[in-house]
Amino acid sequence: MQADGLVIIPTYNEIENIEAIIREVFQLKKDFHILIVDDNSPDGTAAKVISVQQEFPDRLFLEERKEKSGLGTAYIHGFKWALQKGYDYIFEMDADFSHNPRDLVRLFNACALHGADVAIGSRYVKGVNVVNWPLQRILLSYGASFYVKFITGMRIHDPTAGFMCYKKEVIESIKLDNIRFVGYAFQIEMKFRAFLKKFNITEVPIIFKDREKGNSKMNGKIINEAIFGVLSMKLRSLFKKEGF
């Protein structure tokens, strides 16, 4: 049976988390399908997914890429796959349990029942709801959110969030091949393009919990892309460049 919602989970060295996160999603009362986009993880993440597929052949799917090519390109790969298969609601979620799978239902309801085109699992819409992060990282993330709001004009409290639900119409309207960012700034650019197209964007409060297993993919290059790339993105949009 075809579910109307697809959860895209990009992976790179997530063998410690991947089976558990898949099973948590499949235990939900709402029926979701899952697409894992794995960037040739040397730890055997893809092999683990293939073993779990034997149990869920009609609900769990795997796309293997040849190399680590960035979060943004992994999601774009997944978006194109989802549109080709005809899913109505397309989700982004991390593999490391920083996003609670049970909140998928709340994001779905925001779009399917309450009129949102884009639903954001927001850490900051009601204060700061982050667990196990050092103060320095909280300040960096919260400060980045304020900076993005100031530069772009979006009234979104958590523009860097990576826990999302998009109606397929939003993804269809965005020229995915024109997306410029490949790191975490990809999340900002997707929201900005939806904002410019005047889609209804809502924030659903969540509690974000830092990963307990595996390693964070955050690095200086990603932070620089987010800081300096946002300004260039805004300027490109003003001059209607690159598909804006």
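Of all heavy-atom pairs spanning Phe195 and Gly153, the tightest one is CZ-O, 3.8 Å. Between Ile120 and Ala161, the shortest heavy-atom contact is CG2-CB, 3.6 Å. In plain terms, the two heavy atoms of Ser122 and His157 that are nearest each other are OG-CB, 4.4 Å. Closest heavy-atom contact between Tyr87 and Gly5: CD2-C, 3.9 Å. Closest approach of Tyr75 and Gly162 over heavy atoms only: OH-O, 4.1 Å. Closest of all the heavy-atom pairs between Thr11 and Ile18 is CG2-CD1, 3.8 Å.
Hydrophobic cluster membership differs between Val125 and Phe146, with clusters built from Ile, Leu, Val, Met, Phe, Trp and Tyr side chains linked at under 4.5 angstrom. Linking Ile, Leu, Val, Met, Phe, Trp and Tyr whenever their side-chain heavy atoms come within less than 4.5 Å leaves Leu113 and Leu104 in two separate clusters. Residues Leu196 and Leu231 are members of one and the same hydrophobic cluster, defined by side-chain heavy-atom contacts under 4.5 angstrom among Ile, Leu, Val, Met, Phe, Trp and Tyr. Hydrophobic clustering (ILVMFWY, side-chain heavy atoms < 4.5 Å, transitive): Ile156 and Phe150 are in one cluster.
Here the side chain of Asp103 pairs no donor or acceptor atom with the backbone of Ile206 at under 3.5 angstrom. Between the Glu189 side chain and the Met233 main chain, no donor and acceptor come within less than 3.5 Å of each other. A side-chain donor-acceptor contact under 3.5 Å links Asp38 to the backbone of Ser41. In this structure, Ser69 contributes its side chain and Glu67 its backbone to a donor-acceptor pair below 3.5 Å. Between the side chain of Asp158 and the main chain of Arg123, a donor-acceptor pair closer than 3.5 Å is present. Between the side chain of Asn200 and the backbone N or O of Gly115 there is at least one donor-acceptor pair closer than 3.5 Å.
Taking CD1 from Ile22 and CD from Glu24, the interatomic distance works out to 11.5 Å, rounded to the nearest 0.5 Å. Here Leu28 contributes atom CG and Phe108 contributes atom CZ; the two are 12.0 Å apart, rounded to the nearest 0.5 Å. How far CD of Glu169 is from CG of Asp117: 7.5 Å, rounded to the nearest 0.5 Å. Phe192 CZ to Phe181 CZ: the interatomic distance, rounded to the nearest 0.5 Å, is 10.0 Å. Atom CZ of residue Phe186 and atom CZ of residue Arg180 lie 15.0 Å apart, to the nearest 0.5 angstrom. To the nearest 0.5 angstrom, Ile201 atom CD1 is 9.0 Å from Glu203 atom CD.
Here the side chains of Lys191 and Val118 are not in contact, with every heavy-atom distance at 4.5 Å or above. Side chains of Asp88 and Lys167 form no contact here, defined as non-hydrogen atoms less than 4.5 Å apart. Contact check for Ile9 versus Glu92: no side-chain heavy atoms found under the 4.5 Å cut-off. Side-chain atoms of Tyr124 and Pro205, non-hydrogen and from C-beta on, never get closer than 4.5 Å to each other. Taking the side chain as every heavy atom from C-beta outward, Phe79 and Ile8 approach each other to under 4.5 Å. A 4.5 Å side-chain heavy-atom check between Leu71 and Val182 finds every atom pair outside the cut-off. Side-chain contact between Asn178 and Arg193: present, with at least one pair of heavy atoms (C-beta onward) separated by less than 4.5 Å. Ile34 places none of its side-chain heavy atoms less than 4.5 Å from the side chain of Leu6.
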Pairs of donor and acceptor atoms involving the side chains of residues 43-51, under 3.5 Å and at least two apart or interchain, shall be tabulated with distances.
unit_1	atom_1	unit_2	atom_2	d
Asp43	OD1	Thr45	N	3.1
Asp43	OD1	Thr45	OG1	2.7
Asp43	OD2	Glu14	N	3.3
Asp43	OD2	Ile15	N	3.1
Asp43	OD2	Thr45	OG1	3.4
Thr45	OG1	Glu14	N	2.9
Thr45	OG1	Ile15	N	3.2
Ser51	OG	Lys48	O	2.6

>> Test side chain to side chain contact (heavy atoms under 4.5 Å, CB included) on Thr160 and Ile188; report intermediate values, then the result.
In response: CA-CA 5 Å; Thr160 64; Ile188 302 169; 3.8 Å; yes

>> Under the criterion side chain to side chain contact (heavy atoms under 4.5 Å, CB included), I'd like the reasoning laid out for Lys29 against Arg102: C-alpha separation, chi angles, the key distance, then a yes or no.
In response: CA-CA 9 Å; Lys29 292 182 179 180; Arg102 285 175 291 184; over 6 Å; no

>> Between Arg23 and Glu55, does the salt bridge (charged side-chain N to carboxylate O under 4.0 Å, His left out) criterion hold? Intermediate values first, please.
In response: CA-CA 10 Å; Arg23 293 188 182 279; Glu55 190 174 342; 2.8 Å; yes

>> I'd like to know whether Ile21 forms a side chain to side chain contact (heavy atoms under 4.5 Å, CB included) with Phe97, so could you lay out the CA-CA distance, the side-chain angles of the two residues, the decisive distance to 0.1 Å, and finally the verdict.
In response: CA-CA 7 Å; Ile21 199 80; Phe97 284 95; 3.5 Å; yes

> Could you walk me through whether Leu35 and Trp81 pass the side chain to side chain contact (heavy atoms under 4.5 Å, CB included) check?
Replying inline: CA-CA 9 Å; Leu35 172 66; Trp81 191 94; 3.7 Å; yes

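Counting non-hydrogen atoms of neighbouring residues, nucleotides and ligands closer than 6.0 angstrom, the NZ atom of Lys30 exceeds 12 such neighbours.
Aromatic rings of His99 and Phe163 (six-membered ring for Trp) have centroids within the 6.0 Å cut-off, being under it. Taking the six-membered ring where the residue is Trp, the centroids of Tyr166 and Tyr89 are separated by 6.0 Å or more.
Between the side chains of Thr73 and Arg65, at least one donor-acceptor pair of N or O atoms lies under 3.5 Å.
Contact check on Lys209 versus Asp94 returns no salt bridge, with no Lys/Arg side-chain nitrogen under 4.0 Å from an Asp/Glu carboxylate oxygen.
In this structure, Arg59 is not positioned above the aromatic face of Phe32 in the sense of NZ or CZ being under 6.0 Å from the six-membered ring centre and within 45° of the axis.
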